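Input: a single structure, listed below in C-alpha cells.
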Amino acid sequence: MIIAMDGPAASGKGTLARAVARHYGLNYLDTGSMYRMVAVGVLRAGGKPDDVQLATHAALTLDPSEYDDADLRTAEAGAAASIVAAFPTVRAAILDAQRDFALAPPGAVLDGRDIGTVVCPDADVKLYVSASSQVRANRRHAELLARGEDISFDQVHADLVKRDAQDANRKASPLKPAEDAHLLDTSDLSIETAFECAIAIIDAALNKKT
Ligand code: C5P
C-alpha cells in the first residue's frame, strides 16, 4: 500500500503522515528532508543554493543516516531547500530512491510536494493537506522558537508565502494537488481531528477499491 501526502510547508502533512504510517503499520518517508539535506550539503560546502552543480553533487551523494540532523529543520535550510528543489537534475538524482522506498514491503506513506503527481502517480490513496498561510506560519513560528531560533512571526509568514510561490510556480514537479487527490484543510482542525479525518478518507478510498 502506498499513501501519498502532499501539501505546502507547515500544512501539518508531516505530523499526519507519520501518524497515518504508524496506524497502518507502513514505512514513512519525509521527502522534504532529502531536499533539505541537499541544501545543507551545499551550504556546508561553502556554496550557494542556486549553484546547480554543487546541488546536483549533493543530491547524488545523499546520506540517509543524516535525515535526522537538527540543521535540516532551520528556516535557512527550508528556504535553501526550495531553491535546490527547482533543479531537475537534483530531483532526478533522488527520484529512484523515493520510488524504491515506496515499493519496499509493507508499503509506505510519503509526504512532499509531488508524491501524488510524479513520484507515486499510482499511489493507492492521495491526500493534499493544506491550511491558511496564517495558521501555517503560526505553527512553523512556534516550531522554530522551540528549536531556539530567533525569528519573528512576520518573517516566518513572508518566508512561507515566498516558498509556496517558488514551489508552485517552478517547472519541475510543481506543488499542486493530483487530480485524484482528496483535499484536507487542517486550518481549523486539532491534530487529533485532522488524523481522524485522514483515516476516514483513507479507509473510504481503500474500501472503494476492494
Ligand atoms: O516539506 P519541507 O518544508 O521540509 O520541504 C522543503 C522544501 O523541499 C520545499 O519547500 C520544496 O521546495 C522541496 N520539496 C519538493 N518536493 C518534495 C518535498 C519537498 O520540492 N517532494
Side-chain angles (χ1 to χ4, degrees), residues 1-36 78 81-82 85-86 88 90-92 94-104 106-137 139-140 160-161 163-210:
M1 174 154 83
I2 299 175
I3 300 175
M5 287 225 192
D6 291 304
S11 56
K13 63 185 187 311
T15 308
L16 269 183
R18 208 170 273 118
V20 165
R22 210 176 303 122
H23 179 80
Y24 293 105
L26 299 171
N27 297 322
Y28 166 63
L29 181 64
D30 165 11
T31 62
S33 289
M34 301 174 92
Y35 292 97
R36 285 172 180 264
S82 176
V90 167
R91 306 197 75 84
I94 58 180
L95 182 61
D96 283 349
Q98 294 172 347
R99 287 192 174 144
D100 289 348
F101 187 95
L103 291 172
V109 180
L110 285 83
D111 82 51
R113 303 292 187 289
D114 62 338
I115 308 303
T117 52
V118 175
V119 179
C120 302
D122 297 327
D124 296 278
V125 190
K126 301 176 185 178
L127 267 91
Y128 188 85
V129 184
S130 65
S132 71
S133 65
Q134 285 289 326
V135 167
R136 290 188 290 119
R139 290 176 185 159
R140 185 49 51 87
L160 273 188
V161 171
R163 194 134 73 88
D164 287 353
Q166 265 172 199
D167 290 348
N169 295 323
R170 69 184 176 215
K171 283 211 176 81
S173 305
L175 164 70
K176 66 171 177 192
E179 276 177 17
D180 50 350
H182 301 267
L183 307 183
L184 177 58
D185 186 330
T186 67
S187 302
D188 300 320
L189 305 181
S190 65
I191 293 176
E192 292 75 21
T193 311
F195 172 70
E196 282 163 19
C197 289
I199 296 299
I201 291 170
I202 295 166
D203 281 346
L206 292 175
N207 279 337
K208 221 169 158 189
K209 286 187 83 165
T210 51

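This is a predicted model, so every value here is computed, not measured. One-based numbering along the sequence shown.
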ask   = For atom CG of Leu206, is the number of surrounding heavy atoms from other residues, nucleotides or ligands below 6.0 Å larger than 12?
value = yes

### Query
Would you say Ser132's side chain and Ser187's backbone share a donor-acceptor pair under 3.5 angstrom?
no

Here the gap from Arg163 atom CZ to Leu175 atom CG, rounded to the nearest 0.5 Å, amounts to 10.5 Å

Are Val119 and Leu95 close enough that some pair of their side-chain heavy atoms sits under 4.5 Å apart? yes

pair Lys176-Tyr128: side-chain heavy atoms closer than 4.5 Å
no

Check your understanding: Mind checking whether Leu184 and Leu16 have side chains closer than 4.5 Å, heavy atoms only?
Key -> yes

In terms of heavy-atom contacts, Arg113 and Asp167 come closest through NE-OD2, 3.4 Å

For Arg170 and Ala86, the nearest pair of non-hydrogen atoms, with its separation, is CD-CA, 3.9 Å

inquiry  = Are the side chains of Asp164 and Pro8 in contact, using a 4.5 Å heavy-atom criterion?
reply    = yes

Nearest heavy-atom contact between Ala9 and Arg140 is CB-NH1, 4.5 Å

Heavy atoms of Lys126 and Cys120 approach each other most closely as CE-O, 4.0 Å

When every non-hydrogen atom of Leu189 is compared with those of Ala194, the smallest separation belongs to CD1-CA, 4.0 Å

(Q) Checking side-chain polar atoms at under 3.5 Å, does Gln166 have a donor or acceptor matched by the opposite partner on Ser82? (A) yes

| task | Please tell me if the side chains of Pro106 and Asn27 come closer than 4.5 Å, counting only heavy atoms from C-beta onward. | result | yes

- Message: As a quick check of understanding, evaluate side chain to side chain contact (heavy atoms under 4.5 Å, CB included) for Leu160 and Ser133, giving each step before the final call.
- Response: CA-CA 7 Å; Leu160 273 188; Ser133 65; 5.8 Å; no

From CA spacing to verdict: side chain to side chain contact (heavy atoms under 4.5 Å, CB included), Tyr24, Ile199
CA-CA 9 Å; Tyr24 293 105; Ile199 296 299; 3.7 Å; yes

d(Leu29 CG, Arg18 CZ) to nearest 0.5 Å is 10.5 Å

So CG of Asp111 and OG of Ser33: to nearest 0.5 Å the spacing works out to 8.0 Å

When rounded to the nearest 0.5 Å, the distance separating CG of Leu103 from CG of Asp122 is 10.0 Å

Would you sort out whether Ile202 and Leu127 count as a side chain to side chain contact (heavy atoms under 4.5 Å, CB included), showing the intermediate values? CA-CA 8 Å; Ile202 295 166; Leu127 267 91; 3.7 Å; yes

Tested for side chain to side chain contact (heavy atoms under 4.5 Å, CB included) against Val109, the lone hit among Ile2, Ile115, Asp30, Leu26 is Leu26

With sequence neighbours left out, the residues meeting ring pair (Phe, Tyr, Trp, His ring centres under 6.0 Å) with Tyr28 are none

One should read off an interatomic distance between Thr31 OG1 and Asp114 CG, to the nearest 0.5 angstrom, of 6.5 Å

- Message: Can you confirm whether more than 12 heavy atoms, excluding those of Asp100, are under 6.0 Å from its CG atom?
- Response: yes

For Met34 and Ala97, the nearest pair of non-hydrogen atoms, with its separation, is CE-CB, 4.2 Å

Value for NE2 (His182) from SG (Cys197), rounded to nearest 0.5 Å, stands at 13.5 Å

From the list Arg136, Arg139, Lys13, side-chain hydrogen bond (donor to acceptor under 3.5 Å, both in side chains) with Thr186 holds only for Arg139

